[in-house]
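Sequential numbering from 1 along the given sequence is applied to the chain's residues.
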Amino acid sequence: TATADGITVSSSVAVTVTDSTRVRLYPTEDSYVQSTTASTNYGSSAAMLFKPTYSGSPDRLAYLKFDLSQLAGRTVTSAVLSARTAITDGPLTVARADLHAVTSAWSESTVTYANKPTMGATVGSMRVSTTTEYTSADLTTYVAGLTAASTPLLSLGMTQDGVTTDAVIVLVSARESNARPYLDITLAPTAAPASVPPSRIGSVAFTNLATTMEKGTTVAAGTTVKDSTGGAFTRAQVTFTSSDATIATIASDGTVAAN
């Protein structure tokens, strides 16, 4: 803002602050499958369902996939998956949902119960309830291992481990909804180079030397040498010469004599 003669003018600039150590990723693909409709693909659905089978009930499994390629080789210090969930049917109002590693290939547009990928080890868990809300699971150890190995994809399956009559149907908002799942990742700062190249010489200037001297007098001149950034430069070898010895001479130690 500037003011003059009773007139005020102003200007503003919108500044966006970024943090290269924090990354939020959204699923590139997600879907769910159901045993009673084994050939049906639900890849375009705005919601996913999961509930393990018990006593002949349908088996439902949800799948999510994230692209980790931009994190290859980086050190992950935190990885938290958040998803909007709700228990829509079952005997419990609060339950645990489990996330499994999925290493076999699958596609959102083609996955069905008949060709579903196999779920591997449990890599995290989250709390779900009858309240529709975002809930989170800590996947730090698993995601850190993937990025350290430069694995480009995080593929997950969602179910409930070890349940029987207490199984519940859980609805998860898909990436096609307005409440997408997301993965928040914190990265260790990129380390500085192990060694910094030496600075370069930038300038040299006399000190303690006036531009006017009385004939027959001497003065011990000094020098200041700086690097290209303006800092002290100590690796220089300084030598002296006079452009006109009839006016003044300078010795190797910097002593100037006016002739």
Side-chain angles (χ1 to χ4, degrees), residues 1-28 66-82 138-154 182-259:
T1 300
T3 302
D5 302 324
I7 300 172
T8 299
V9 294
S10 63
S11 177
S12 63
V13 175
V15 177
T16 300
V17 178
T18 62
D19 185 347
S20 61
T21 65
R22 295 182 182 274
V23 180
R24 174 168 289 186
L25 302 177
Y26 295 95
T28 55
F66 295 85
D67 181 2
L68 301 180
S69 57
Q70 64 177 293
L71 309 177
R74 297 291 300 274
T75 300
V76 171
T77 59
S78 175
V80 177
L81 173 68
S82 296
D138 186 353
L139 303 180
T140 302
T141 300
Y142 184 56
V143 174
L146 294 178
T147 59
S150 296
T151 303
L153 291 175
L154 167 64
Y182 57 86
L183 183 67
D184 276 339
I185 294 177
T186 304
L187 302 167
T190 303
S195 59
V196 178
S199 58
R200 296 180 180 273
I201 193 169
S203 65
V204 62
F206 276 109
T207 59
N208 193 39
L209 181 61
T211 57
T212 302
M213 292 180 62
E214 180 71 23
K215 184 176 181 177
T217 62
T218 61
V219 65
T223 57
T224 298
V225 183
K226 295 184 178 182
D227 64 19
S228 56
T229 66
F233 189 87
T234 59
R235 296 185 292 109
Q237 180 180 357
V238 180
T239 59
F240 302 97
T241 59
S242 173
S243 61
D244 191 341
T246 63
I247 297 176
T249 59
I250 185 167
S252 60
D253 65 354
T255 300
V256 179
N259 297 326

What pairs with A221 under side chain to side chain contact (heavy atoms under 4.5 Å, CB included), at least two apart in sequence or on another chain?
F206, L209, V256

So do R24 and D184 actually touch side chain to side chain, heavy atoms under 4.5 Å?
yes

Residue of the set L139, T186, I185 for which side-chain contact (heavy atoms from CB on, under 4.5 Å) holds with S78:
T186

Quick check: do L183 and V80 have side-chain heavy atoms less than 4.5 Å from each other?
no

I'd like to know whether CZ of R235 has more than 12 heavy-atom contacts from other residues, nucleotides or ligands below 6.0 angstrom.
yes

Looking at A79, is its backbone amide N or carbonyl O close enough to the side chain of T140 to form a donor-acceptor pair, meaning the two atoms are under 3.5 Å apart?
yes

With side chains defined as the heavy atoms from C-beta onward, is the minimum distance between L25 and L68 less than 4.5 Å?
yes

Quick one, T75 and L187 - any side-chain contact, counting heavy atoms below 4.5 Å?
no

Less than 4.5 Å apart, any side-chain heavy atom of V143 and any of F66?
no

Should T255 and T218 be marked as a side chain to side chain donor-acceptor pair (under 3.5 Å) after you check the CA-CA gap, both sets of side-chain angles, and the distance that decides it?
CA-CA 7 Å; T255 300; T218 61; over 6 Å; no

Taking the side chain as every heavy atom from C-beta outward, state whether R200 and D227 have any pair of such atoms under 4.5 Å apart.
no

Is a side-chain N or O of D5 found less than 3.5 angstrom from the main chain of I7, in a donor-acceptor match?
no

Could you tell me whether the side chain of N259 and the main chain of A245 form a donor-acceptor pair under 3.5 Å?
yes

Is the closest side-chain heavy-atom distance between T224 and K226 below 4.5 Å?
yes

Qualifying residues under side chain to side chain contact (heavy atoms under 4.5 Å, CB included), relative to V204, sequence neighbours excluded:
T223, V225

Does any part of the side chain of F240, heavy atoms only, come nearer than 4.5 Å to the side chain of D253, both counted from C-beta?
no

Tell me whether T151 contacts the main-chain N or O of L153 through its side chain, where contact means a donor paired with an acceptor under 3.5 Å.
no

Sequence neighbours left out, what passes side chain to side chain contact (heavy atoms under 4.5 Å, CB included) with D19? Give chain and number order.
T21, R22

What is the minimum heavy-atom distance between G222 and N208, and which atoms define it?
N-CB, 4.5 Å

